Amino acid sequence: MAFPCSILLILLCSLLSSSLAKTPTHSKQVFLPIHKDPSTLQYITTIKQRTPLVPVRLTVDLGGRYLWTVCLSGYNSSSIRTAGCGTTQCRLAETSKYCFYCIPGPFGPGCTDAPTCWRYPLNTVTDKTVLGEVATDVIAISSTHGEGRAGNEVTVPGFIFVCASKKIIAGLAKGVTGMAGLGRTKISFPAQLASALNLKKRFGLCLSSSTTSKDGGVVIFGDGPYNLKGNSSVLLEYTPLILNKVLTGEERIIKSEISADYFIGVKSIKINENTVKINSTFLKITKGGYGGTKISTVHPYTLMESSIYNAVIKAFVTELKNVTRVPAVAPFKACFSSKNIGSTRAGPAVPSIDLVMRNGVSWRMLGANSMVKINGDVLCLAFVDGGEPPFINAIVIGGHQIEENLLSFDLEKSRLGFSSSLLAKETRCSNYKV
Ligand SMILES: *[C@@H]1O[C@H](CO)[C@@H](O)[C@H](O)[C@H]1NC(C)=O
Ligand SMILES: *[C@@H]1O[C@H](CO)[C@@H](O)[C@H](O)[C@H]1NC(C)=O
Ligand SMILES: *[C@@H]1O[C@H](CO)[C@@H](O)[C@H](O)[C@H]1NC(C)=O
Ligand SMILES: *[C@@H]1O[C@H](CO)[C@@H](O)[C@H](O)[C@H]1NC(C)=O
């Protein structure tokens, strides 16, 4: 009697599993494509903004506070509104002290009778800032779940941004008219998209090492997993995100604000599994907001405070002593002949570099992330001397070191998930699967 019953079960089971297979493998995500500009090494994304919608090219700034873009010249939109003093928009933009009557001139989108709020948007590539007016306008962004009026796009009306004057964009890649801030504020992309679209306060960042846009990377907003074709079961290690309560650098004009950068707790550095001798005092953030390790997309290569940098170079050269060292090519200080360096799936076969976190996990950098090819047979260690204190941070992990790594910023649990090299796991950032 058990026989027909189990046949029925098998049938039911296969029916069930085939219907399960059709349900989406992840919750709603919205995403922006990112490609690397070959001449500036900036990571560029394109959003659609305004009415009618037009593409706006922006440099991605992981620690940036908000979206800012050039407004006055050629900003045509029937839906732009400036933010009147005392409104929710001004409060979210933390501008209560910067409330002015409009000064007609090259600043904002135009004057109204009432005072509006202003900020100093920062070009974090050049560290230049100008006065800018807080405004709102509609943006459109690609979605995994088509529901907007433009097919697979969702629109977000009233997206808060800052209007800047044209001279601030000097130093950004060609065609770029602003920066897309992903930082720890209430009006960065992750924060505004999460509240407007009811997404989890989480985003995935995966930068491609390729400069062709069809092989570009992505920033994905919303809950994971962030599936990558080739290996959809990439495991992430987690380490707490650390909040730096002091704003340092050029934006410190507004003293009461806290840093919007993402810091992690690096405790030590290992090369070929051997701990590098460094003075670890500076790896902790000081009371004044200095030191610590942050991640940045506006620095093409990782910067290290001089004493840490020199110790890392020395240890790396020791571990690679069987390879011919060649004259350094600025800004790098350790370069090698690639003739006797083998190659692996994850780049040149060189000693591994581990950033060991305070919670015991390690972010491993293999050749593709630690080395940069200068020409046919010169490979350099892709780290740059950040200088001595008052160099602001101990380590700034730059673009080359995060390419082809999946990073997951979980703002609710305040933790960073990282994959280490995806290449070693037979996938890459251009494989994001909608
Ligand atoms: C904005 O509108 C003006 C007037 O309609 C037009 O001359 C100008 O070309 C437009 N600018 C852009 C960038 O579309
Ligand atoms: C480590 O660095 C800190 C801060 O720069 C300094 O005060 C301290 O003396 C250094 N320790 C050693 C052992 O060099
Ligand atoms: C030199 O050492 C590196 C790292 O240990 C190793 O990968 C490489 O194959 C060695 N090269 C030679 C020529 O022995
Ligand atoms: C896929 O990723 C997992 C977890 O990171 C890893 O263990 C596995 O080896 C990868 N698969 C391939 C084919 O590399």
Side-chain angles (χ1 to χ4, degrees), residues 25-26 202 204-209 215 217-218 220 224-239 242 244 246 248-249 263 265-269 275-294 303-315 342-349 352-369 385-396 401-410 415-433:
T25 51
H26 52 66
R202 217 186 127 176
L205 181 68
C206 209
L207 300 179
S208 169
S209 53
D215 296 323
V218 69
I220 310 148
Y226 309 121
N227 290 336
L228 299 165
K229 267 177 275 174
N231 190 345
S232 55
S233 58
V234 170
L235 293 179
L236 300 181
E237 303 256 39
Y238 289 92
T239 194
I242 297 167
N244 183 348
V246 185
T248 49
F263 282 83
V266 173
K267 179 178 74 177
S268 62
I269 301 171
T275 301
V276 181
K277 281 206 184 72
I278 53 174
N279 179 346
S280 57
T281 309
F282 210 52
L283 288 173
K284 295 210 185 80
I285 299 172
T286 67
K287 265 200 208 114
Y290 292 89
T293 301
K294 72 173 186 183
L303 299 168
M304 288 176 166
E305 179 275 327
S306 287
S307 72
I308 300 175
Y309 181 73
N310 291 329
V312 163
I313 295 270
K314 196 171 152 213
S343 68
T344 70
R345 208 191 279 155
S352 58
I353 301 180
D354 290 329
L355 300 183
V356 184
M357 308 295 163
R358 278 177 222 152
N359 67 331
V361 301
S362 287
W363 178 341
R364 171 155 290 192
M365 293 174 181
L366 301 172
N369 293 111
D385 189 346
E388 285 163 14
F391 172 62
I392 288 173
N393 307 107
I395 304 174
V396 178
Q401 278 67 37
I402 60 179
E403 284 173 357
E404 311 300 359
N405 280 241
L406 175 62
L407 301 181
S408 166
F409 295 83
D410 187 335
R415 60 178 192 168
L416 170 75
F418 57 91
S419 65
S420 295
S421 180
L422 293 174
L423 303 176
K425 294 169 180 163
E426 294 201 78
T427 187
R428 54 196 314 131
C429 288
S430 56
N431 284 352
Y432 172 60
K433 192 165 58 175

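Just so you know, ligand 1 is whichever comes first in the structure, and atom 1 is the first atom listed for that ligand. As the structure is a prediction and not an experimental result, all values here were calculated from the model.
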(request) May I ask you to identify the nearest protein heavy atom to atom 5 (O) of ligand 4, giving residue, atom name and distance to one decimal place in Å? (result) Leu235 N, 3.2 Å
(message) Any heavy-atom pair between the side chains of Tyr238 and Asn359 that's under 4.5 Å?
(response) no
(message) For the residue pair Arg428 / Ser208, report whether a side-chain donor-acceptor contact shorter than 3.5 Å exists.
(response) no
(message) Is there a side-chain contact between Asn369 and Ile353 in this structure, where contact means two heavy atoms from C-beta onward sitting under 4.5 Å apart?
(response) no
(request) Measure the shortest side-chain to side-chain distance between Tyr226 and Leu236 over non-hydrogen atoms and say whether it is less than 4.5 angstrom. (result) no
(request) Identify which of Leu283, Ile278, Asn279 has a heavy atom lying nearest to atom 2 (O) of ligand 2. (result) Asn279
(request) Report yes if some heavy atom in the side chain of Ile395 is under 4.5 Å from a heavy atom in the side chain of Gln401; otherwise report no. (result) no
(message) Closer than 4.0 Å to some heavy atom of Lys425 - which atoms of ligand 4 meet that?
(response) 5 (O), 12 (C), 14 (O)
(request) Check whether any protein heavy atom sits under 4.0 Å from atom 14 (O) of ligand 4. (result) yes
(request) Heavy-atom distances under 4.0 Å are what count here, so tell me which part of Asn231 touches ligand 4: side chain, backbone, both or neither. (result) side chain
(request) Heavy-atom contacts with Ser233 under 4.0 Å: which atoms of ligand 4 show up? List them by number with element. (result) 2 (O), 3 (C), 4 (C)
(request) Answer whether the closest heavy-atom distance between the side chains of Met365 and Leu355 falls below 4.5 Å. (result) yes
(message) Any protein heavy atom at under 4.0 Å, with atom 7 (O) of ligand 4 as the reference point?
(response) no
